[in-house]
Number of protein chains: 2
Amino acid sequence: MPKVKSPKKLAVLSEVLAALADPLRLKIVRMLDAEGEKSCGSFEIEIPKSSLSHHFKVLRDSGIVLTHREGKNQINALNRGALKKQYPGLLESVLRAKSD
Amino acid sequence: MPKVKSPKKLAVLSEVLAALADPLRLKIVRMLDAEGEKSCGSFEIEIPKSSLSHHFKVLRDSGIVLTHREGKNQINALNRGALKKQYPGLLESVLRAKSD
DNA sequence: TCAGTAGTTCGACAAATATCGAACAGTTGC
DNA sequence: GCAACTGTTCGATATTTGTCGAACTACTGA
């Protein structure tokens with residue numbers, strides 16, 4: 001049995017790409033990359049919380065983002081390990097592009 | 001004026017990702033990568049031609065695929081130059097993943 | 001226990017995408 | 001010209017996705 005490195009497996013490529021194929025979700029991913037773990041509310045994005053929650057759900061369902069609770073907050077982080085293992089280079093290329 | 005390398009500019013990242021976020025279009029991109037230039041009809045994909053044409057349009061509109069006519073055929077090719085320049089590593093990582 | 005904070009879920013509606021037949025358009029060869 | 005071939009466009013319908021208020025759940029601190 002291989003050693004466990006990443007807590008969650010990613011979805012198939014097309015689903016991961018679909019999750020990334022939205023300017024707002026791309027922004028969230030960039031902020032998680034630049035600022036590390038963040039609670040949902042700490043993203044300064046002007047959008048109703050139900051909409052924001054929806055986008056986090058898409059990111060989680062695809063496996064791109066991992067979430068755990070800390071007190072009242074849900075802490076979100078990039079699933080770097082699984083991304084690197086399953087789709088090497090993908091996150092890097094997406095982050096490197098400065099386009100929406 | 002910089003020297004012209006790629007015939008067409010790509011769409012913004014989210015649009016390029018959306019174009020790639022479909023198993024069928026991903027398959028087309030893989031076949032174009034593996035087999036080089038191909039006419040629309042030479043893809044052995046069981047789908048009505050209007051549907052196939054739609055998917056080619058999405059790929060063209062995003063700038064991923066370039067098309068030119070040769071006789072009766074439309075010849076499609078990956079826009080490798082523009083992809084490499086605008087989103088370095090993206091095509092490679094997508095092609096490398098063997099997932100849908 | 002109760003108020004406040006953080007976030008999810010539900011349900012209705014809107015908007016974007018996909019599917020596919022039919023009609024149309026460009027090219028070739030007779 | 002016209003028939004055959006390749007592919008696009010149109011229009012109708014179906015499916016998916018996004019938006020957002022309201023209700024709900026989980027946790028904290030007084």
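So that the names make sense, note that chain A is the first sequence line, chain B the second, and so on, each numbered from 1. It should be emphasised that the depicted structure is a prediction, and the values quoted were computed from it without experimental measurement.
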To the nearest Å, how far apart are [X] [atom1] and [N] [atom2]?
X: A:D61; N: D:dT16; atom1: CG; atom2: P; answer: 15 Å
X: A:I45; N: D:dG18; atom1: CD1; atom2: P; answer: 14 Å
X: A:L24; N: D:dT17; atom1: CG; atom2: P; answer: 17 Å
X: B:K49; N: D:dC5; atom1: NZ; atom2: P; answer: 11 Å
X: B:F43; N: D:dG7; atom1: CZ; atom2: C1'; answer: 13 Å
X: A:N73; N: D:dT28; atom1: CG; atom2: P; answer: 10 Å
X: B:F56; N: D:dT6; atom1: CZ; atom2: P; answer: 14 Å

- Decide yes or no, distance alone: a donor-acceptor N/O pair under 3.5 angstrom between the base of D:dG21 and the side-chain of A:S50. yes
- Message: Atom CZ of residue position B:R96 - does it have more than 12 heavy atoms of other residues, nucleotides or ligands inside 6.0 Å?
- Response: no
- Task: Evaluate whether atom NZ of B:K38 has more than 12 neighbouring non-hydrogen atoms of other residues, nucleotides or ligands under 6.0 angstrom away.
- Result: yes
- Message: Applying the side chain to side chain donor-acceptor pair (under 3.5 Å) criterion to A:E70, which one of A:K72, A:Q74, A:H68 satisfies it?
- Response: A:H68
- For DNA chain D, whose closest nucleotide is more 5', that of A:V58 or that of A:G71?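 In this pair, the answer is A:V58.
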- 5′-ward residue of the pair A:K72/A:H55 relative to DNA chain D: A:H55
- Task: Check every atom of D:dG18, D:dG7, D:dC20 against the side chain of A:I47 and return the nucleotide holding the closest atom.
- Result: D:dC20
- Between D:dC27, D:dT8, D:dC20, which one does the side chain of A:P48 approach most closely?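 Nearest to the side chain of A:P48 among the choices is D:dC20.
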- Message: If you compare all heavy atoms of B:A18 against all heavy atoms of A:A21, which two are closest, and at what distance to 0.1 Å?
- Response: N-CB, 3.4 Å
- Message: If I compare all heavy atoms of A:Y87 with all of B:A97, which pair ends up nearest, and what's the gap?
- Response: CD2-CB, 3.4 Å
- Message: Please identify the 5'-most and 3'-most nucleotides of DNA chain C with any atom under 4.0 angstrom from a heavy atom of chain B.
- Response: C:dA18 to C:dT28
- Message: Would the distance check show the side chain of B:S99 and the main-chain N or O of A:L13 forming a donor-acceptor pair, the cut-off being under 3.5 Å?
- Response: yes
- Item | Test item: B:E37 side-chain N/O and B:N76 main-chain N/O as donor-acceptor pair under 3.5 Å | no
Would you say [X] places a side-chain N or O within less than 4.0 Å of OP1 or OP2 belonging to [N]?
X: A:S51; N: D:dC20; result: yes
X: B:R69; N: D:dT6; result: no
X: B:H54; N: D:dT9; result: no

